[in-house]
Amino acid sequence: MSLLPVVSIASVGDAAAAVPASALIEQSASERAAVTGEPVEVPSERTEYTTTVANPDGTFTLTQSTQPQRARAEDGTWQDIDVTLEKRSDGTVGPKAAVVDMAFSGGGDGTDQGCCASGAMARS
């Protein structure tokens, strides 16, 4: 796993009355970190490459990787990267969990020239 240096971000003071949900989650994580004395992840800040935790001292730490650590599933949840190939219901073969949707032909008689799909391209 390749990780970049950790960056600490100072916490924000008192929140205004109308705050976005992500700010409330950050505040909740910060409060839990202060109470437990342990870092608490801020799930709303999670991406394929980053993890943010609230620290007990009121700061936030962003850990960023040069390689994806997780991929978003079709249902919106995060899954660990799993490049194990699996046969899909449409007959194509692709990784179980990857940042880029990729599919390969599951075989055939060779007349199907649209064998591969990636990203927004249609699967054949």
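In this structure, CD on Q69 lies 11.0 Å from CD on E48, to the nearest 0.5 angstrom. How far OG1 of T52 is from CZ of R46: 10.0 Å, rounded to the nearest 0.5 Å. Atom CG of D101 and atom CD of E74 lie 7.5 Å apart (nearest 0.5 Å). With rounding to the nearest 0.5 Å, the separation of OG1 in T36 from CD in E31 is 11.5 Å. Between the CG atom in D57 and the CG atom in N55 there is a gap of 5.5 Å [rounded to 0.5 Å]. Within the model, atoms CZ of R70 and OG1 of T50 stand 7.0 Å from one another, a figure rounded to the nearest 0.5 Å.
Each of T47, V99, D80 was scored for a side chain to side chain contact (heavy atoms under 4.5 Å, CB included) with P68, with one residue passing: V99.
Across all their heavy atoms, P39 and P56 have their closest contact at N-CD, 4.1 Å. For A97 against Q79, the heavy-atom pair with the smallest separation is CB-OE1, 3.4 Å. Considering every non-hydrogen atom in both P95 and L85, the closest pair reads N-CD2, 3.7 Å. The minimum heavy-atom distance between S65 and Q67, with the atom names listed, is OG-O, 2.8 Å. When all heavy atoms of K87 and G106 are compared, the pair lying nearest together is NZ-O, 3.9 Å.
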